[in-house]
**Student:** 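My structure is below; once you've seen it, I'll send some questions.
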Amino acid sequence: MSEKKVLQGITASPGVTKGKVKIILGPSEVGKMEKGDILVTAMTNPLFVPAMEKAAAIVTDEGGITCHAAIVSRELGIPCVVGTKRATKVLGDGMEIVVDGKSGEILG
Amino acid sequence: MFEYSKLTDDEKIEKFLQAIQVAFSGMGEGEFWPANAPQIEASFSDILAVSIFEKFKGDKEKFKKALDRVEPEVLKALLYLGGGIIGLKVARIYEDYEISIEELKDFVVCILDSVAKRRKGDEFCLGGKNLVLSSEEVKRLIKKTKWPAAKELELKKAIAGLNVTAESLTWAIFYDIYRYAGMLIHGPYQVSRGILLCREFPDLNPPIWNLQNRCPKLKVHLIYEEGVEIKIDFLNHQIYEVPIVDSLRFYSIATDKPLKTLKEIGELDNYYSRLRQEQAERVGGLKPLEIIKKGAKIHYYMLKDFFEFYGEDWWPPKEVYERIGRMGLKYWKRYRRPRHPHQEKGLWARKVFDPRNNFI
């Protein structure tokens with residue numbers, strides 16, 4: 001796969017991982033998440049934790065280095081990029097992407 | 001570096017604003033769960049803030065004693081929540097409440113002083129530390145505690161999972177914006193075996209909800225390997241530059257008893273996970289006006305020890321509910337979206353929390 005930068009966000013938890021996108025727009029969709037998926041959402045909250053625990057990486061539209069997604073991902077040791085503004089619009093379920101938690105880049 | 005006791009009042013305020021700017025910049029753009037602070041507080045912030053300020057004006061020495069009863073993280077939060085600087089500015093601007101710039105400044109410095117005297121350096125967390133314990137107290141803690149070694153990755157991950165669950169439970173109980181009522185992160189402390197970081201959850205069963213949490217207190221004290229970089233900002237957020245799960249070396253976890261094994265830690269995590277899910281669903285199912293009313297209760301509850309020092313009930317007064325009822329969802333709609341892009345958030349916060357202006 002030739003990977004191009006599709007999004008830039010704020011680095012929240014370092015590490016690089018590749019996986020399939022799962023867009024979760026609300027708590028009612030948390031059940032869609034499978035282990036190893038990349039969780040893509042607008043912003044997380046405590047109702048998202050079961051999905052976050054299954055995620056290989058987390059990408060959000062909003063937030064900064066101390067938002068819920070950033071704190072949880074650092075604790076779990078998984079890559080996280082926040083504040084991309086439009087990840088839930090640009091990415092789609094099943095897309096293979098690379099999340100680079102050090103540069104804040106999303107490649108696809 | 002600076003010595004707090006040698007700072008002038010204006011210098012203290014400048015340091016406070018610097019700390020606020022750094023911490024707010026880190027939060028980025030986005031909505032808080034289940035609501036943004038002004039969505040909840042705009043209806044009653046002036047009522048709460050004035051009730052606190054009147055006590056300051058009435059008897060400053062008694063006020064200082066009352067402040068000293070309150071957890072410093074809660075006092076810090078008061079400064080940037082509705083019941084503090086913003087509420088008093090609102091009262092001055094919209095309710096013609098008489099409070100001079102000088103009085104508001106003195107009020108803020110009085111709160112900062114109460115925080116500073118219970119911190120052992122880096123009072124504004126500008127050096128990335130939240131020092132609750134002195135080096136002697138740290139030594140005593142290390143000596144009196146049993147520190148099992150964290151060798152297996154499975155155990156390290158289970159402890160990280162418990163941290164996530166306990167922190168998320170705190171957010172579900174106290175909302176994102178009032179989480180300081182239920183948790184305290186302090187350190188990092190240099191100890192002989194590495195870097196100590198303390199997470200404490202002193203109140204996971206407040207009378208605001210019918211949680212019936214049988215483990216309402218939790219302490220998670222962890223020693224990481226040398227060289228791990230951990231920072232804590234003024235809003236008590238922890239930031240690691242690199243993942244630290246695998247760097248854990250020793251641990252001490254306790255509810256009303258120490259938890260040592262993977263099984264015990266896993267059981268507590270499962271129990272808290274269930275509570276977190278139930279509580280988050282409870283909050284998620286509330287109507288906006290109920291979220292506001294509960295938010296008012298949480299904000300007042302944070303100051304329980306303060307009000308009780310004065311022999312007062314901590315529950316919000318009738319006036320607060322009347323105001324919330326009268327205002328309805330006016331502010332809920334107005335403040336649904338954050339007003340400031342990420343890049344400007346820190347600067348905006350610096351201006352809005354400056355007690356020396358009229359900016360809100």
Side-chain angles (χ1 to χ4, degrees), chain A residues 8-17 25-31 35 41-88 99 101-102 104, chain B residues 22-34 153 156-157 159-173 175-176 179 185 199 230-233 235-247 269 272-273 276-277 279-281 283-284 337-338 341-343 345-346:
Chain A
Q8 176 71 51
I10 300 163
T11 61
S13 178
V16 180
T17 199
L25 294 176
S28 61
E29 297 179 1
V30 161
K35 197 159 177 60
T41 185
M43 182 75 135
T44 64
N45 66 50
L47 282 164
F48 281 72
V49 174
M52 298 167 91
E53 286 171 339
K54 288 182 185 167
I58 299 173
V59 179
T60 69
D61 290 345
E62 300 179 339
I65 55 164
T66 57
C67 72
H68 183 259
I71 288 174
V72 170
S73 57
R74 280 196 295 269
E75 206 59 53
L76 296 174
I78 56 172
C80 178
V81 174
V82 297
T84 61
K85 296 187 188 299
R86 51 201 179 95
T88 55
V99 179
K102 191 155 175 89
Chain B
V22 169
F24 272 75
S25 297
M27 290 194 292
E29 192 176 347
E31 295 172 34
F32 288 86
W33 183 87
L153 186 60
K156 295 177 189 187
K157 283 187 172 176
I159 293 170
L162 178 62
N163 281 335
V164 167
T165 305
E167 193 159 339
S168 295
L169 173 61
T170 312
W171 291 33
I173 294 172
Y175 296 179
D176 191 341
R179 68 194 180 97
I185 303 176
R199 277 189 182 79
I230 301 168
K231 288 182 185 162
I232 299 176
D233 72 14
L235 271 63
N236 211 223
H237 297 116
Q238 73 276 32
I239 302 160
Y240 322 132
E241 297 298 326
V242 292
I244 62 171
V245 182
D246 199 25
S247 304
D269 189 18
Y272 278 171
S273 289
R276 180 212 63 223
Q277 192 64 22
Q279 175 60 17
E281 283 173 7
V283 173
R337 291 296 305 160
H342 170 59
Q343 297 87 334
K345 196 163 184 170

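Since we're looking at a predicted model, the values are computed, not measured. Side-chain atoms are counted along with the backbone in the values below, which use heavy atoms only and exclude waters and symmetry mates. Letters A, B, ... mirror the listed sequences (proteins, then strands); counts begin at 1.
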**Student:** What distance do A:Ile65 atom CD1 and B:Tyr240 atom OH have between them, rounded to the nearest 0.5 Å?
**Tutor:**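 So the gap between those two atoms works out to 13.0 Å.
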**Student:** Just give me the residue among B:Asn163, B:Ile159, B:Leu235 that pairs up with chain A most often, heavy atom to heavy atom, under 4.5 Å.
**Tutor:**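 Greatest number of close heavy-atom pairs with chain A: B:Asn163.
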**Student:** Any idea which of B:His237, B:Gln277, B:Glu281, B:Lys157 has the most non-hydrogen atom pairs under 4.5 angstrom with chain A?
**Tutor:**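 Maximum pair count with chain A is reached by B:His237.
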**Student:** Using 0.5 Å steps for rounding, measure from the CD atom of B:Glu31 to the CD atom of A:Glu62.
**Tutor:**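 Answer for the CD-CD pair, B:Glu31 versus A:Glu62, is 5.5 Å.
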**Student:** Distance-only criterion, 3.5 Å: show the donor-acceptor pairs between side-chain atoms of residues 47-57 of chain A and protein atoms not counting sequence neighbours.
**Tutor:**
{"from": "A:Lys54", "atom 1": "NZ", "to": "A:Met33", "atom 2": "O", "distance (Å)": "3.4"}

**Student:** For each of B:Ile239, B:Ile244, B:Thr170, tally heavy-atom pairs with chain A at distances under 4.5 Å, and name the one with the top tally.
**Tutor:**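 Greatest number of close heavy-atom pairs with chain A: B:Ile239.
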**Student:** If every non-hydrogen atom of B:Gln238 is compared with every non-hydrogen atom of A:Glu75, which pair is closest and at what distance?
**Tutor:**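 Minimum heavy-atom separation between B:Gln238 and A:Glu75: NE2-OE1, 3.8 Å.
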**Student:** Could you tell me if the ring centre of B:Trp171 sits under 6.0 Å from that of A:His68?
**Tutor:**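 Judged by ring-centre distance (under 6.0 Å), B:Trp171 and A:His68 do meet the cut-off.
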**Student:** At a 4.5 Å cut-off on heavy atoms, which part of A:Ile71 comes close to chain B: side chain, backbone, both, or neither?
**Tutor:**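 Only the side chain of A:Ile71 comes within 4.5 Å of chain B.
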**Student:** Side chain, backbone, both or neither: which part of B:Thr165 has a heavy atom under 4.5 Å from chain A?
**Tutor:**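 B:Thr165 touches chain A through side-chain heavy atoms alone.
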**Student:** Counting heavy-atom pairs under 4.5 Å with chain B, which one of A:Ala12, A:Pro14, A:Gly77 comes out on top?
**Tutor:**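 Top count of heavy-atom pairs under 4.5 Å with chain B: A:Pro14.
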**Student:** If every non-hydrogen atom of A:Lys85 is compared with every non-hydrogen atom of B:Glu29, which pair is closest and at what distance?
**Tutor:**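 Heavy atoms of A:Lys85 and B:Glu29 come nearest at NZ-OE1, 3.4 Å.
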**Student:** For residues 159-169 of chain B, which residue pairs pass the salt bridge (Lys or Arg N to Asp or Glu O under 4.0 Å) check, not counting sequence neighbours?
**Tutor:**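 Counting only pairs at least two positions apart or across chains, the salt bridge (Lys or Arg N to Asp or Glu O under 4.0 Å) contacts touching residues 159-169 of chain B are B:Glu167-B:Arg179.
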**Student:** For B:Asp176, which atoms come within 4.5 Å of any heavy atom of chain A: side chain, backbone, both, or neither?
**Tutor:**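 Neither the backbone nor the side chain of B:Asp176 comes within 4.5 Å of chain A.
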